[in-house]
Amino acid sequence: MTAPKENQTTRRRAPAMSPEQRRSMIIQTAIPLIAEYGATVTTAKIARAAGIGEGTIFRVFADKDELLRACMAEALSPDHAIRELDAIDLSQPLPDRLAEAAEALQAHLARMGAIAGSLGHGGGKHPGTVRGAGRTESTTRLRAALADLLEPDRAALRRPPEQIAALFFGLLFTQPRTDDEPDLTPQELAEVFLHGALSEGAK
């Protein structure tokens, strides 16, 4: 009898990850675990979540401390937030663009805060360079991406997009919080920024 065709077909393995791809995968898996458990998270737990053997971690990281530093650097990197800002549809009305930007930047801030707090870098301390960019350069890149979102409305803005972006960035990261009032939603932040604090009936 002829063997079934499926037995004659050799299964192809998925291509092996490069060391850099493996590092990236481990970091992305570790970040939410670090946010939950802090520096006490074990490499065994990270390995289980990543679906790999614990030894695989130490083939791309010298030790756990190096992995934690890499996760901190990834959390502080502006790259992910910038990609999200760049993906916002410029054909949308400005309030919608700003609301999407606020959501992306708030998520970036929450991610930074969770990892920095879990690893004991409270108070906004920046542990050094992040992919070649320190705090100042990271902020500059985020503001530039935000300014690009404002560019289509340059003629309607009171100030240049770069300055408006800096003002919105400042509002977003320093909005006051009280115990009895919830944070403003991204839509509310955009509305207050563009139209002020007065309600429609009071204008």
Side-chain angles (χ1 to χ4, degrees), residues 17 20-36 49-50 67-119 121 124-154 156-157 159-177 182-195:
M17 288 186 180
E20 187 57 36
Q21 289 172 325
R22 182 75 68 186
R23 281 177 61 91
S24 178
M25 182 274 289
I26 292 170
I27 288 169
Q28 295 305 324
T29 301
I31 282 176
L33 293 174
I34 293 170
E36 183 176 357
L67 171 57
L68 294 180
R69 288 194 298 271
C71 289
M72 172 69 86
E74 177 65 23
L76 293 177
S77 170
D79 291 352
H80 181 73
I82 289 172
R83 284 194 297 270
E84 292 201 346
L85 293 176
D86 289 344
I88 295 174
D89 185 357
L90 294 180
S91 68
Q92 295 183 92
L94 180 57
D96 293 339
R97 274 178 273 147
L98 278 182
E100 282 195 41
E103 188 171 2
L105 290 171
Q106 284 177 326
H108 175 60
L109 179 63
R111 179 181 170 98
M112 284 172 44
I115 298 301
S118 294
L119 295 182
H121 292 280
K125 182 181 178 182
H126 199 292
T129 60
V130 178
R131 294 184 182 176
R135 178 193 290 273
T136 299
E137 187 177 341
S138 295
T139 300
T140 299
R141 290 176 59 198
L142 288 168
R143 287 181 180 176
L146 190 53
D148 289 341
L149 287 178
L150 298 166
E151 187 61 38
D153 292 271
R154 175 183 284 270
L157 299 175
R159 308 294 295 177
E162 295 77 14
Q163 188 171 4
I164 298 295
L167 290 170
F168 186 67
F169 193 85
L171 171 65
L172 183 65
F173 282 86
T174 60
Q175 62 168 312
R177 292 171 170 82
D183 290 350
L184 296 178
T185 66
Q187 292 76 17
E188 289 170 336
L189 273 170
E191 184 73 17
V192 169
F193 181 75
L194 291 173
H195 304 295

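In what follows, residues are counted from 1 in the order of the sequence shown.
- Closest approach of Ile88 and Gln92 over heavy atoms only: CG2-NE2, 3.7 Å.
- Nearest heavy atom pair, residue Thr29 against residue Ala50, reads CG2-N, 3.6 Å.
- Residues Leu149 and Leu98 have side chains not in contact (no heavy-atom distance under 4.5 Å, counting atoms from C-beta outward).
- Ala190 and Phe168 make their closest contact through CA-CE1, 4.3 Å (heavy atoms, listed as atom of the first residue, atom of the second, distance).
- Counting heavy atoms from C-beta outward, His80 and Arg111 have side chains that stay 4.5 Å or more apart.
- Scanning both residues, Leu94 and Asp153, for their nearest heavy atoms gives CB-OD2, 3.9 Å.
- Using a 4.5 Å heavy-atom cutoff, the side chains of Ile82 and Asp86 are in contact.
- More than 12 heavy atoms of other residues, nucleotides or ligands sit less than 6.0 Å from atom CD of Glu84.
- For the pair Phe193 and Leu172, the minimum side-chain heavy-atom distance is 4.5 Å or more.
- Nearest heavy-atom pair, Leu150 versus Ala165, reported as atom, atom and distance to 0.1 Å: CD1-N, 3.6 Å.
- Side-chain contact between Pro95 and Leu194 is present, with at least one heavy-atom pair separated by less than 4.5 Å.
- Annotation: the span from Glu162 atom CD to Leu157 atom CG amounts to 10.0 Å, rounded to 0.5 Å.
- Using a distance-only test at 3.5 Å, with no hydrogens or angles considered, a donor-acceptor pair links the side chain of Thr140 to the main chain of Thr136.
- For the atom pair Glu103 CD and Leu189 CG, the distance stands at 11.5 Å (nearest 0.5 Å).
- Atom CE of Met72 sits about 9.5 Å away from atom CE of Met112, to the nearest 0.5 Å.
- A heavy-atom distance below 4.5 Å is not found between the side chains of Arg23 and Met17.
- Using a 4.0 Å cut-off between a side-chain N of Lys or Arg and a carboxylate O of Asp or Glu, Arg154 and Glu151 qualify as a salt bridge.
- Looking at Ser24, its side chain never comes within 3.5 Å of a backbone N or O of Glu20 through a donor-acceptor pair.
- Here the NE2 atom belonging to His108 is positioned 7.5 Å from the OG atom belonging to Ser77, to the nearest 0.5 angstrom.
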- Message: Test side-chain contact (heavy atoms from CB on, under 4.5 Å) on Ile164 and Leu146; report intermediate values, then the result.
- Response: CA-CA 9 Å; Ile164 298 295; Leu146 190 53; over 6 Å; no
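- Between atom CD1 of residue Ile31 and atom OG of residue Ser118 there is a gap of 11.0 Å, rounded to the nearest 0.5 Å.
- Here the CG-CZ distance, from Leu142 to Phe169, works out to 5.0 Å after rounding to the nearest 0.5 Å.
- Heavy atoms only, all atoms of each residue included: Ala35 and Ile115 are closest at N-CD1, 3.9 Å.
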